[in-house]
Amino acid sequence: MASTSDGDRPWQSYHTVFTNAKAGMDGVDKEKVQKTVYEMSKGSKYFENEQRKEAFIKQKIENLRAQCAQITANDISYFQTIADKKMSELEASRDLSKIWLHSDMDAFYASVETLVDPSLNGKPLAVGSMSMICTANYMARKFGVRAAMPGFIARKLCPELIFVPPDFKKYTFYSELTRKVFPKYDPHFIATSLDEAYINVTEICNERGISGGEVAEELRNTIYEETGLTCSVGVAPNRLLAKVCSDINKPNGQFVLPNDRRAVMTFISSLPIRKIGGIGKVTESMLREVLGISTCEEMVHKSAHICALFSHSSSDFFLSVGLGLGKTDTPQFKMRKSISSERTFSATEDESLLYQKLDEIAETLSNDMHKEDLSGRTLTLKLKTASFEVRTRAVSLQKYINSKQDILSHASKLLKAELPLSLRLMGRKPCLTPRQLLNHCLYLEQMVASLVYMILIYA
DNA sequence: ATACATACC
DNA sequence: CACTGGTATGTAT
């Protein structure tokens, strides 16, 4: 376990997400990046909060381990029966008749900025600020700079790094250009963000008698002609696998996984679970440290343990991943379930300033809701303290609301109720720790059933 | 229904 | 100096 002591290399135990294998990060000196990120973060409030979160996750893993140790041979045979039944049901649902593309623009925001200002060409570029980077171009990634990294750390890793502030109008414009291409291949394509989409090309392939790979080639060329931007594409029998595939030959590349069960199983057999959308840092650690699972195939090997330790929805998901399954249908209509607005500002203990911030957020939220003719009846206030601790407080109302005044009055009540509480929490160390609120955010949430009601009112 | 955590871009 | 913002979903109570 402890083959190296943290005393010698403390940065090794700081589990940032910044050193994961990611497209364009091949030749990066991970040790150096890890060390720099650690050095820049250590001692900060943010860092301390991360340590707290890590300790919590470690505890969760310990609990799971203990649970795992209690499982008897009898239990295992019982859960193996459950797992086998689940897997045969899943297997029966396997659909290899569809060909899905996942299209993913390469370093999208950075590429758009370079397209608009060619003088940026050939330079390491980050879109974002000293606080946060949205996207880094491939040259910057060579230094370990990447999305979700704070800019001041990125500049340490790459002093030449050029920063460009985000301009979502531009990205939306180019996103719309790409979205004019997709319908030629699938009128019901699914856009998941400004730079990503799923395209069902089954019919086009049949009509024109060409392969998914050929469609992908053509689509990438068309997107380049229409936008001047490159993208990468994955081709696979389902959306989950197509997404994994689009990352394989990034940038400006594609990868085809044929519609063949053997090919899928071979692909899955060595695929690290972290490559799967929905399996992040925490889930990866849990599965690896409790059950020794690191590849998708091992989900099947440990299926009994998975069913014994995890909920139905989790175990169903893990087993389907182990079998290389994913969604193959096009959901008819995706309705939004929530709308939110949040803003980070420098920590303050001034209550009138907090109410002023709340006012601004309520205004933004109300405007956003009116744009889409939405209203909701569950309002959530989100607060982040100066120590990065996040709290949420919610109320469900009798009526649906969307006016600034309604939002503000209910949110203010929620905030008011918190202010003495944060004072009490800090009560142990009087004067020294003011009730600072770094950040507060406002959510208006809508229940699924409520949305139907809303449409009746507003549509 | 509420609170909190995880994940994705 | 400086660690986002928007949405969905899972887990626990």
Side-chain angles (χ1 to χ4, degrees), chain A residues 16-18 22 37 40-42 44-50 52-54 56-57 60 63-64 104-105 107-109 127-135 146-156 163 165-166 168 171 175 191-197 240 243 246-247 274 276-286 310-318 331 334-347 361 364-365 368 377-384 386-397 414 418 438-450:
Chain A
T16 65
V17 295
F18 300 131
K22 193 74 167 99
V37 172
M40 296 296 288
S41 300
K42 112 187 130 180
S44 68
K45 295 281 189 220
Y46 174 82
F47 181 85
E48 281 170 14
N49 189 249
E50 288 302 296
R52 275 200 298 276
K53 276 160 56 183
E54 288 235 356
F56 181 79
I57 293 164
K60 214 158 93 173
N63 294 346
L64 268 181
D104 190 344
M105 303 301 290
F108 184 51
Y109 301 169
V127 176
S129 68
M130 278 305 157
S131 304
M132 189 49 63
I133 288 175
C134 307
T135 312
R146 50 179 284 182
M149 178 181 276
F152 67 94
I153 296 181
R155 195 180 49 183
K156 193 83 171 182
F163 285 85
F168 284 91
Y171 315 144
S175 179
T192 51
S193 65
L194 288 180
D195 72 317
E196 285 187 28
L240 181 131
K243 171 131 170 87
S246 68
D247 198 53
R274 187 67 165 86
I276 302 293
I279 298 185
K281 191 179 76 148
V282 175
T283 310
E284 179 190 33
S285 303
M286 287 198 319
F310 297 99
S311 70
H312 281 294
S313 70
S314 295
S315 52
D316 283 355
F317 173 63
F318 292 150
K334 276 279 201 177
M335 213 177 291
R336 104 154 48 237
K337 297 185 175 66
S338 70
I339 184 165
S340 67
S341 172
E342 62 180 84
R343 204 104 0 236
T344 297
F345 45 86
S346 47
I361 294 166
T364 309
L365 184 58
D368 290 351
R377 55 175 288 271
T378 303
L379 180 69
T380 304
L381 175 74
K382 177 175 159 187
L383 303 162
K384 192 187 272 178
S387 52
F388 288 87
E389 188 193 336
V390 174
R391 287 175 216 163
T392 59
R393 295 291 178 264
V395 274
S396 290
L397 310 163
L414 291 171
E418 285 311 293
L438 172 67
N439 180 353
H440 63 221
C441 322
L442 199 53
Y443 278 136
L444 235 146
E445 280 185 6
Q446 300 149 319
M447 306 290 98
V448 183
S450 316

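To find a chain, count down the sequence lines: A is the first, B the second, and so on, and within it residues start at 1. Since we're looking at a predicted model, the values are computed, not measured.
In this structure, A:Asp195 reaches the sugar-phosphate backbone alone: every heavy-atom distance under 4.0 Å involves primed, P, OP1 or OP2 atoms, never a base. Contact annotation for A:Lys45: no contact, since no heavy-atom pair falls under 4.0 Å across all strands. No contact: A:Lys156 has no heavy atom under 4.0 Å from any strand. Within the 4.0 angstrom heavy-atom criterion, base atoms lie near A:Ile153. Residue A:Leu414 is classed as having no contact, given no heavy-atom separation below 4.0 Å to the nucleic acid. Residue contacts shown for A:Ala147 are absent, as no nucleic acid heavy atom lies under 4.0 Å away. Among the heavy atoms of the strands lying under 4.0 Å from A:Glu196 are primed sugar atoms or P, OP1, OP2 only; no base atom is included. Residue-level contact check: A:Ile57 touches the backbone only, with heavy atoms under 4.0 Å from sugar-phosphate atoms and none from bases. Residue contacts for A:Arg274: at a heavy-atom cut-off of 4.0 Å it reaches the sugar-phosphate backbone alone, with no base atom in range. A:Ser311 comes within 4.0 angstrom of sugar-phosphate atoms only, judged by non-hydrogen atoms across all strands, and of no base.
Inter-residue side-chain proximity for A:Phe388 and A:Glu50 is flagged as unmet; no heavy-atom pair is nearer than 4.5 Å. Between A:Pro166 and A:Cys134 there is a side-chain heavy-atom pair separated by less than 4.5 Å.
Rounded to an integer number of Å, the gap from A:Met132 CE to C:dC3 P is 8 Å. Rounded to whole angstrom, the span from the CG atom of A:Leu240 across to the P atom of B:dA7 amounts to 15 Å. Spacing between atom CZ of A:Arg377 and atom C1' of B:dT2 amounts to 13 Å, rounded to whole angstrom units. The distance between atom CZ of A:Phe318 and atom P of C:dT9, rounded to the nearest whole Å, is 17 Å. Rounded to whole angstrom, the span from the CE atom of A:Met149 across to the C1' atom of C:dC3 amounts to 11 Å. Protein atom CE of A:Met286 is 8 Å distant from nucleotide atom P of B:dT6, rounded to whole Å. Here the C1' atom of nucleotide C:dG5 and the CD1 atom of A:Ile361 are 11 Å apart, to the nearest Å. If you measure from atom CZ of A:Arg391 to atom P of B:dA3, you get 12 Å, rounded to the nearest angstrom.
Between A:Ile276 and A:Phe56, the residue anchored nearer the 5' end of DNA chain B, judged by the nucleotide with its closest heavy atom, is A:Phe56. Two residues, A:Pro150 and A:Thr364, neighbour DNA chain C, and the one matched to the more 5' nucleotide by heavy-atom proximity is A:Pro150. DNA chain C is contacted by both A:His312 and A:Asp368; A:Asp368 maps to the nucleotide lying nearer its 5′ end (nearest heavy atom per residue). Between A:Lys53 and A:Thr192, the residue whose closest nucleotide on DNA chain B is further toward the 5' end is A:Lys53.
Side chain of A:Ala394, nearest nucleotide from B:dC9, B:dA3, B:dA1: B:dA3. In the set C:dC3, C:dG6, C:dA8, the nucleotide with an atom closest to the side chain of A:Ser41 is C:dC3. Closest to the side chain of A:Thr344, from the set C:dC3, B:dT6, C:dG5, is C:dG5. For A:Thr392, whose side chain is taken as the heavy atoms from C-beta onward, the closest listed nucleotide among B:dC4, C:dA8, C:dA2 is B:dC4. Of the listed nucleotides (B:dC8, C:dG5, B:dC4), B:dC4 has the atom at the smallest distance from the side chain of A:Arg393. For A:Phe388, the side-chain atoms get nearest to C:dT4 when compared with the rest of C:dT4, C:dG6, C:dG10. Side-chain proximity of A:Ser131 to the nucleotides C:dA2, B:dA7, C:dG5 is greatest for C:dA2. Comparing B:dA7, B:dC8, C:dG5 by their nearest atom to the side chain of A:Thr283 picks out B:dA7. Which of C:dA2, C:dG6, C:dG10 sits closest to the side chain of A:Ser313 comes down to C:dG10. Taking every side-chain heavy atom of A:Ser396 into account, B:dA1 is the closest of C:dG6, C:dA2, B:dA1.
The number of heavy-atom neighbours closer than 6.0 Å to NZ of A:Lys156, taken from other residues, nucleotides and ligands shown, is 12 or below.
The two atoms that bring A:Met286 and A:Phe310 nearest to each other are CE-CE2, 3.9 Å, heavy atoms only. Residues A:Ser246 and A:Asp104 share a closest heavy-atom pair of OG-CB, 4.2 Å.
Shown are A:Thr380, A:Thr392, A:Leu381; of these, the side-chain contact (heavy atoms from CB on, under 4.5 Å) with A:Leu414 is made only by A:Leu381.
Phosphate contact (OP1/OP2 of B:dC8, side-chain N/O of A:Lys281, threshold under 4.0 Å): absent. The side chain of A:Lys384 contributes no N or O atom lying less than 4.0 Å from OP1 or OP2 of C:dC3. Residue A:Arg336 places at least one side-chain N or O closer than 4.0 Å to OP1 or OP2 of C:dT7.
Taking atom P on both nucleotides, B:dC8 is separated from C:dC3 by 23 Å, rounded to a whole Å. Between C:dT4 and B:dA5, the two P atoms lie 16 Å apart (nearest whole Å).
Side chains of A:Ser396 and A:Thr378: a donor on one and an acceptor on the other come within 3.5 Å.
Aromatic ring pairs are classed by plane angle as parallel below 30°, tilted from 30° to 60° and perpendicular above 60°; the pair A:Tyr109 and A:Tyr171 is parallel.
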